[in-house]
Amino acid sequence: MRCWTIGAMAAVLLAGACSRQAAAPAPETPAPEAATTEAGHLPQSPILRAVKQRGRLNCGVHQGLVGFAYTDNRGQWRGFDADFCRALAAAILGDGDAVRFVPLSAGDRFKALNDGRIDVLWRNSSWTMTRDAGEGFIFAGINYYDGQGFLVRRSLNLSSATELNGARVCVQSNSTAEANADDFFRSRGVDYRPVVLATEEAARDAYAREDCDAFSADISALAAARTTLTNPQEHAILSDVASKEPLGPVVKAGDERWASVVRWTLNAVILAEELGVTRENAEAQAKDSRDPRVRRLLGVEGDYGAMLGLPKTWGANAVRATGNYGQIFDRNLGPQSPLKLERGLNAQWNAQPPGLIYGLPIR
């Protein structure tokens, strides 16, 4: 009987303890923020939200590369990549000037992205497996198809980089250029002497001082470098292409919605060229065009901006700020620029001759 009483008492005490534990409130766990787009059905982007709150896009660009990103004599940022930063700012904020340009070296560009100092990196950066799968960055698209080449003095009378046996070749560290040059020469059994410099500018200056016999970098960068030399006509870019260099905007991993904002803004200016929408006629096209593709691009038909957390007229805003892809190319890299580069691979897919630029459908 005594044993039963003690057991019963223990059971009662245990039940009471369990009852008191059940009644105690659980520690509060902060509920995740209900981040949705204006449409209310898709997750909002933390980076997009931050850009809207500060009223400005932080865009990482080259420190100074003619044609792509540089400051003019009034201190204004110009160039191919700079214009895409403006198109993105216009798509988000309705103002192409709402950009803070952050000049970055090749060595610190990806760290700046990881640290949150910039929202997007638009700095002639090549899409590689290491950067994408290994380091976890997201390339939101390709806005320029490039390749690595070789700049030499015409006085050397070279027809191919394979003739640079024993030559000194300037390349930049912390870029794909050094590895690509080594791959090119080793695969062809050519002995060469790499001269590795910390920056692209240092490599260019070393070439100008004749500290090396050739300068190897992206062909677009070589074209820009040639314009800075004392006698540009005395230098030639050889026909050899040592690598494929797909250049485009990069964002930090973990914010897929932000990657979509960047991707579809780039696509909007590409598609605008294909559809004949320009900076000058965008407003008229919005009023008069019967083409449903044009109407969707300019926000007249459907609300595709809501999918991105952007205004209905996001595509029209981007094109009105900078023009379409062809206009951006022509004034910065093409016939209206000092570089006078051909469209080549960067022509539209349906051009004659065709290129690789292909607008994705907005529908």
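Note: hydrogens, waters and symmetry copies are ignored here, and every other heavy atom, side chains too, is used.
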Student: Asn317: which residues meet the side-chain hydrogen bond (donor to acceptor under 3.5 Å, both in side chains) condition with it, sequence neighbours left out?
Tutor: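 Applying side-chain hydrogen bond (donor to acceptor under 3.5 Å, both in side chains) to Asn317 gives Thr313, Arg320.
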
Student: Could you point out which residue of Leu271, Leu298, Asp291 forms a side-chain contact (heavy atoms from CB on, under 4.5 Å) with Val277?
Tutor: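 Among the candidates, only Leu298 passes.
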
Student: Is it true that a side-chain atom of Asp191 and a backbone atom of Gly166 form a donor plus acceptor pair closer than 3.5 Å?
Tutor: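 No, because the side chain of Asp191 does not come within donor-acceptor range (under 3.5 Å) of the backbone of Gly166.
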
Student: Output all residues satisfying side-chain hydrogen bond (donor to acceptor under 3.5 Å, both in side chains) with Asn180, sequence neighbours left out; order by chain, then residue number.
Tutor: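 Asn180: side-chain hydrogen bond (donor to acceptor under 3.5 Å, both in side chains) contacts with Gln148, Ser243, Glu245.
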
Student: For Gly326, does its backbone N or O pair with a side-chain atom of Asn324 as donor and acceptor, under 3.5 Å?
Tutor: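 Present.
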
Student: Is the positively charged end of Arg131 above the ring of Phe139, judged by distance under 6.0 angstrom from the centroid and angle within 45° of the axis?
Tutor: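 Not flagged: Arg131 not positioned over aromatic ring of Phe139.
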
Student: Is it true that the side chains of Asp81 and Tyr144 contain a donor and an acceptor less than 3.5 Å apart?
Tutor: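 Checked: Asp81/Tyr144 side chains show no N/O donor-acceptor pair below 3.5 Å.
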
Student: State, without any angle test, whether Gln336 and Gln327 hold a side-chain donor-acceptor pair at a distance under 3.5 Å.
Tutor: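 Per modelled atom types, Gln336 and Gln327 side chains form no pair under 3.5 Å.
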
Student: CD of Glu135: more than 12 outside heavy atoms within 6.0 angstrom?
Tutor: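 Counting other residues, nucleotides and ligands, CD of Glu135 exceeds 12 neighbours.
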
Student: Could you grab the distance from atom CD1 of Ile237 to atom CG of Leu222, nearest 0.5 Å is fine?
Tutor: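 Reported to 0.5 Å precision, the distance equals 5.0 Å.
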
Student: Verify whether the ring centers belonging to Phe150 and Phe185 lie closer than 6.0 Å.
Tutor: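 Ring-ring flag for Phe150/Phe185: true, centres closer than 6.0 Å.
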
Student: If we ignore angles and hydrogens, is there a donor and acceptor under 3.5 Å between the side chains of Arg109 and Ser125?
Tutor: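 The criterion, which ignores hydrogens and geometry beyond distance, is satisfied for Ser125 and Arg109.
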
Student: Cation-pi between Arg188 and Phe184: NZ/CZ under 6.0 Å from ring centre and within 45° of the ring axis?
Tutor: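 Yes; both conditions hold, so Arg188 lies above the ring face of Phe184.
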
Student: Could you tell me whether the side chain of Glu273 and the main chain of Ile270 form a donor-acceptor pair under 3.5 Å?
Tutor: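 Looks like no, no N/O pair under 3.5 Å.
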
Student: For Lys244, is the NZ atom crowded, meaning more than 12 foreign heavy atoms sit under 6.0 Å from it?
Tutor: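 Result for NZ/Lys244: open.
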
Student: Shortest non-hydrogen contact from Ala236 to Arg226?
Tutor: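 Between these two residues, the closest heavy atoms are CA-NH1, 3.9 Å.
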
Student: Are Ser45 and Asp255 close enough that a side-chain donor and a side-chain acceptor fall under 3.5 Å?
Tutor: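 Asp255 and Ser45 do have a side-chain donor-acceptor pair below 3.5 Å.
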
Student: Going by side-chain heavy atoms closer than 4.5 Å, which hydrophobic residues are tied to Phe101, directly or by a chain of links?
Tutor: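 In the cluster with Phe101 are Val61, Trp77, Val99.
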
Student: If the test is side chain to side chain donor-acceptor pair (under 3.5 Å), which one of Arg56, Arg54, Lys252, Arg100 qualifies with Asp119?
Tutor: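 Going through the options one by one, the only one that passes is Arg54.
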
Student: Please work out which of the three classes, parallel, tilted or perpendicular, describes the rings of Phe84 and Trp122, given edges at 30° and 60°.
Tutor: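 Trp122 and Phe84: parallel rings.
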
Student: Do the side chains of Arg117 and Asp115 get close enough for a salt bridge, i.e. N-O under 4.0 angstrom?
Tutor: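 Judged by the 4.0 Å cut-off on N to carboxylate O distance, Arg117 and Asp115 do not form a salt bridge.
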
Student: Could you list all the ring-ring contact (aromatic ring centres under 6.0 Å, His included) pairs where at least one residue sits in residues 241-291, not counting sequence neighbours?
Tutor: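 Qualifying pairs: none.
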
Student: Could you check whether any side-chain N or O of Ser160 sits under 3.5 Å from a backbone N or O of Glu163, counting only pairs where one atom can act as donor and the other as acceptor?
Tutor: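 Looks like no, no N/O pair under 3.5 Å.
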
Student: How would you list all residue pairs meeting ring-ring contact (aromatic ring centres under 6.0 Å, His included) that involve residues 196-221, not counting sequence neighbours?
Tutor: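 Residue pairs passing ring-ring contact (aromatic ring centres under 6.0 Å, His included), neighbours aside: Tyr207-His235.
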
Student: List the residues meeting side-chain hydrogen bond (donor to acceptor under 3.5 Å, both in side chains) with Asp146, not counting sequence neighbours, and say none if there are none.
Tutor: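 Scan of Asp146 (side-chain hydrogen bond (donor to acceptor under 3.5 Å, both in side chains), adjacent residues dropped) gives Ser220.
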
Student: If the test is side chain to side chain donor-acceptor pair (under 3.5 Å), which one of Thr322, Asn143, Asn332 qualifies with Asp83?
Tutor: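 The single option meeting the side chain to side chain donor-acceptor pair (under 3.5 Å) with Asp83 is Asn332.
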
Student: Return yes if some donor-acceptor pair links the side-chain N/O of Asn281 with the main-chain N/O of Ala284 below 3.5 Å, else return no.
Tutor: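 Not confirmed, Asn281 side chain does not pair with Ala284 backbone.
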
